[in-house]
Amino acid sequence: MKRLAVFDFDHTIIDDNSDTVVRDLLSPDKIPPSLKQLHRKDGWTSYMQGVFQLLYEHGFRKNDIQTAIDNIKPVYGMTELITSLKLELNYDIIIISDSNTYFIDTWLNKYNLTKNIDKVFTNPANFVNDILNIQMYHLQTECKMSTKNLCKGRIMEEYIDAQKKDGVTYERVIYIGDGMNDLCPILRLQEGDLACVRVNYKCAELINLLELGQPIDSSGKCYKIKSEVFTWKNGCDILSYVRNKFV
Ligand SMILES: Cc1ncc(COP(=O)(O)O)c(C=O)c1O
Ligand SMILES: [Mg+2]
């Protein structure tokens, strides 16, 4: 029977944040306060659209952005983890990320991983007249834990349901992430699934609070995690754990 591995991208597969790497091609004094305001008011996707416009105005072109993305290093052991899950251990692999399609497709291509990823769910982006154009993946208000443009939990559940309708039922789901936006999908995992969270990053910190029975947001709700939780430093840790645990 098939298994599913769901990966976050920034600070999980790659050891950096693709948005900030590309933004930092500009020196900080090139970013006007009005754009910083937009970040606060309309979220990260609108902010990045402003950054892409500024990059164009300051002479940065597609190849400069591509080079910046190509130069981001993977987290140690992650490319091996993806390859082994896909080719040896019968996992389908999807990525759900708040980055964008151009960054993720570019990076996967550079590291020869495109063929090992079944689907990427992220904000659509493409070049129009030499400026990178980004859109929100969706617009949602139901999940208060997620940003308005991307509820990873909903995307993961919809993918699992769609696969079931196509005759593919997963015996187990593994989720691998680091950030605040990875908590929603982790809370939707079932008993027998596995949440892998990066040590000393935000998601692990929130899960520690939940395990102590403490609230993590203003709702005061005590969320409960049904899956097992494994804390990782690199991709090799996860691969050893999965091999020992499940094979
Ligand atoms: C600037 C920025 N971009 C992207 C992300 C999320 O990207 P991903 O979902 O790939 O971790 C975050 C949140 O962690 C962020 O702060
Ligand atoms: Mg992340």
Side-chain angles (χ1 to χ4, degrees), residues 5-26 28 31 35-52 54-55 65 68-69 72-76 78-79 81-82 93-108 111 113 117 119-125 132 134-138 140 143-156 159 174-188 195-207 216-217 231-235 238:
V6 184
F7 281 81
D8 165 54
F9 186 65
D10 295 286
H11 287 294
T12 294
I13 295 179
I14 60 168
D15 210 2
D16 212 325
N17 183 315
S18 50
D19 283 338
T20 56
V21 165
V22 170
R23 180 199 57 195
D24 293 345
L25 289 170
L26 293 162
I31 300 185
L35 187 54
K36 290 183 190 143
Q37 290 285 327
L38 190 63
H39 180 206
R40 233 163 280 141
K41 192 173 132 272
D42 205 35
W44 197 263
T45 317
S46 304
Y47 173 81
M48 285 310 293
Q49 186 60 65
V51 167
F52 297 149
L54 277 177
L55 282 165
I65 295 176
I69 293 295
I72 303 174
K73 297 285 171 276
V75 168
Y76 176 74
M78 276 298 163
T79 60
L81 173 65
I82 290 171
I93 302 190
I94 63 171
I95 294 173
I96 310 180
S97 160
D98 203 3
S99 178
N100 67 70
T101 52
Y102 178 74
F103 291 177
I104 297 178
D105 293 347
T106 299
W107 193 89
L108 291 176
Y111 278 84
L113 286 170
I117 308 294
K119 211 157 166 45
V120 176
F121 298 90
T122 185
N123 307 297
L132 196 52
I134 185 168
Q135 280 122 43
M136 295 187 188
Y137 178 79
H138 56 206
Q140 68 89 25
C143 177
K144 306 288 178 242
M145 204 176 273
S146 303
T147 52
K148 66 176 179 182
N149 67 301
L150 191 89
C151 172
K152 294 188 177 195
R154 171 172 152 192
I155 294 168
M156 182 182 79
Y159 181 78
I174 298 183
Y175 190 95
I176 301 134
D178 74 291
M180 184 126 84
N181 63 0
D182 298 308
L183 187 61
C184 170
I186 286 173
L187 286 167
R188 299 191 200 213
C196 302
V197 291
R198 191 170 188 179
V199 69
N200 295 334
Y201 278 70
K202 192 70 193 175
C203 196
E205 196 183 296
L206 292 171
I207 288 176
I216 52 158
D217 57 28
T231 307
W232 57 271
K233 281 202 186 77
N234 61 55
I238 301 172

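All residue numbers in this chain count up from 1 along the given sequence. Being a predicted model, the structure only gives us computed values, none of them experimental. Both ligands and their constituent atoms are indexed starting at 1 by order of listing. Every heavy atom of this structure was used, including side-chain atoms; hydrogens, water molecules and symmetry mates were not.
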Check D42 with K148, please: is the shortest side-chain N to carboxylate O separation under 4.0 Å? yes

Within the 4.0 Å heavy-atom cut-off, what D8 brings close to ligand 1 is side chain

Proximity to ligand 1 by part of M180, non-hydrogen separation under 4.0 Å: neither

Report the part of N181 (side chain from C-beta onward, or backbone N, CA, C, O) that has a heavy atom under 4.0 Å from ligand 1; answer both or neither where that applies. side chain

Please determine whether a side-chain nitrogen of the Lys or Arg among K144 and D217 lies less than 4.0 Å from a carboxylate oxygen of the Asp or Glu. no

Is D98 close enough to the Mg ion (ligand 2) that one of its N, O or S atoms comes in under 2.8 Å? no

Part of D19 within contact of ligand 1 (heavy atoms, under 4.0 Å): side chain

Tell me whether K202 reaches ligand 1 (any heavy atom closer than 4.0 angstrom to a ligand atom). no

Using the ring of each side chain (for Trp, its six-membered ring), is H39 parallel, tilted or perpendicular to Y47, with breaks at 30° and 60°? tilted

Minimum heavy-atom distance between S46 and M136, given as atom pair plus value: OG-CE, 4.2 Å

D178 atom (N/O/S) at minimal separation from the Mg ion (ligand 2): OD1

Which is closest to atom 12 (C) of ligand 1 by heavy-atom distance: I95, D10, N17? N17

Aromatic ring proximity F103/W107, centre distance under 6.0 Å: no

Between the OG1 atom in T45 and the CG atom in N100, the distance rounded to the nearest 0.5 Å is 9.0 Å

State whether D10 contributes an N/O/S atom found under 2.8 Å from the Mg ion (ligand 2). yes

Is at least one protein non-hydrogen atom found at under 4.0 angstrom from atom 8 (P) of ligand 1? yes

Taking atom types as modelled and ignoring hydrogens, do the side chains of W44 and D19 form a donor-acceptor contact shorter than 3.5 angstrom? yes

Please determine whether a side-chain nitrogen of the Lys or Arg among D16 and K73 lies less than 4.0 Å from a carboxylate oxygen of the Asp or Glu. no

Looking at every heavy atom in both I238 and M78, which two are closest together, and how far apart are they? CD1-CE, 3.8 Å

Closest D8 atom to the Mg ion (ligand 2) [N, O or S only]: OD2

Can you name the atoms of ligand 1, numbered from 1 with element, that are less than 4.0 Å from a heavy atom of F9? 10 (O)

Show the atoms of ligand 1 that are less than 4.0 angstrom away from any heavy atom in S97. 8 (P), 9 (O), 10 (O)

